[in-house]
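One structure is given below, encoded as structure tokens.
In what follows, every chain begins at residue 1, and chains take the letters A, B, ... in the order their sequences are listed.
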Protein chains: 2
Amino acid sequence: MEIRALTFDVFGTVVDWRGSIIAEGSRLNREKGLNVDWGAFADAWRAYYQPSLSEVRDGLRPWANLDQLHRENLAKLVPTFGLGSLDEGELEHLNRFWHRLHPWPDAVSGIARLKKRYIVAALSNGNVALLVNMARHAGLPWDAILGADISGHYKPQPQAYLTAARLLSLQPGECMMVAAHNSDLDAARQLGFATAFVCRPMEYGRGQTQDLAPTQEWTHVAADLVDLATKLGC
Amino acid sequence: MEIRALTFDVFGTVVDWRGSIIAEGSRLNREKGLNVDWGAFADAWRAYYQPSLSEVRDGLRPWANLDQLHRENLAKLVPTFGLGSLDEGELEHLNRFWHRLHPWPDAVSGIARLKKRYIVAALSNGNVALLVNMARHAGLPWDAILGADISGHYKPQPQAYLTAARLLSLQPGECMMVAAHNSDLDAARQLGFATAFVCRPMEYGRGQTQDLAPTQEWTHVAADLVDLATKLGC
């Protein structure tokens, strides 16, 4: 079946969330006279990510979008990281770190090349508003932004992928999931998506232990998104 | 309340569906040796549009997206317009006329200017796939495509507008509906949206009788989308 659309994981695959938080946090240290270890902060914030999503996936709480989950988890980090001096507006601004993440250096040009031949869609656990603001900030040329609050399901739940295919009026086999995470590709493959693994060995910094290499024979394996464009003949 | 997003009606407001169908149909007459009056054909096809949407709105049938409704209505036109010689693939191609509509001459540059200051989102009764293909074909630089199959409701149902505001994480008062149709603006205003009327006196051709002028004091009235950008200081 001919591939018509590429559906992209975003956090880690397209944008460097950890490096972005460290960069913006370092500026905040200077501006506010803080002394936060933003690498440790980013890791701690992200460590709450999957447990938060699981509570929603498992029906332990009603739907909450990623901005809400990030905000709740940020509240837990405030005492630990000495952020008690920030007021509500400053914390809200901090929470929108995720709207201002920087793309990996290959992401904008790679996606632009892939867009010439394929529909390029964000298929992320981020909410639509977060992804729209990120795309405007980073210059990501998406054809469609399919945030998790459209399906009301978080990956790797099947409904997240199947809703994307349905909204694009495509069969799963006409879609290729592009991700730096083997688990995301595994879930997509089980539904019939083609798969492209993109290596992001620095997503979690120098100490990264997972997703350093493909764990299955994915349809494609690429060093980055420019390499993927080349491999797909774009 | 400060406006953050412009939500655009698409058919008639951004793209010239009637002129596009006439242009592509005229080529089809030459290529296939047909003798169809494509202006009459476009009018007849569009005349089925609101009745089809109403059947869905009124719960007389389950959800069907606009591609499906267009296809059913096309079938009714085949005998009347002498299209019986076209095979299934050719009719399917004809049905995707709506994916290939041309923008009004001011649309791409107007939306690009508006995008510098505002989030620009398609808020259309078209389905996502139709609107994605149209945007790729016409070069429409949407930040977000909020097709009707996302909310599962057709304008002017309130859920269509409110789902768009919710997905953009905005209050209705932070959104401005941009449309060439007074009824669309009326529905949006009742929910708290700001409103911008764009004059499209040729949408239905020379004989157009409705929506030639604003019927209420809308927030803004513009001659076209470039004029709207100027009026909004973009």
Checklist line | Heavy-atom closest pair, residues B:Arg136 and A:Lys116 | finding: NH2-O, 3.9 Å
Note to self: What residues of residues 54-62 of chain A make heavy-atom contacts with chain B at a cutoff under 4.5 angstrom?
What the structure shows: none
Note to self: Taking atom CZ as the centre, does A:Arg100 end up with more than 12 heavy-atom neighbours from other residues, nucleotides or ligands that are less than 6.0 angstrom away?
What the structure shows: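 Correct, the count exceeds 12.
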Next item on the list: Please check if atom NZ in B:Lys32 has more than 12 non-hydrogen atoms from other residues, nucleotides or ligands closer than 6.0 Å.
Entry: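 Not buried by this count: 12 neighbours or fewer within 6.0 Å.
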Next item on the list: State the CG-OG distance between B:Asn65 and A:Ser169, to the nearest 0.5 angstrom.
Entry: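 Nearest 0.5 Å value for the CG-OG distance: 5.5 Å.
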Item checked: chain A contact residues among residues 141-157 of chain B, heavy-atom distance under 4.5 Å -> B:Asp143, B:Ala144, B:Ile145, B:Asp149, B:Ile150
Notebook entry, point to check: If you count heavy-atom pairs under 4.5 Å between each of A:Leu167, A:Leu168, A:Val132, A:Val128 and chain B, which one has the most?
Noted result: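 Between A:Leu167, A:Leu168, A:Val132, A:Val128, the count favours A:Leu167.
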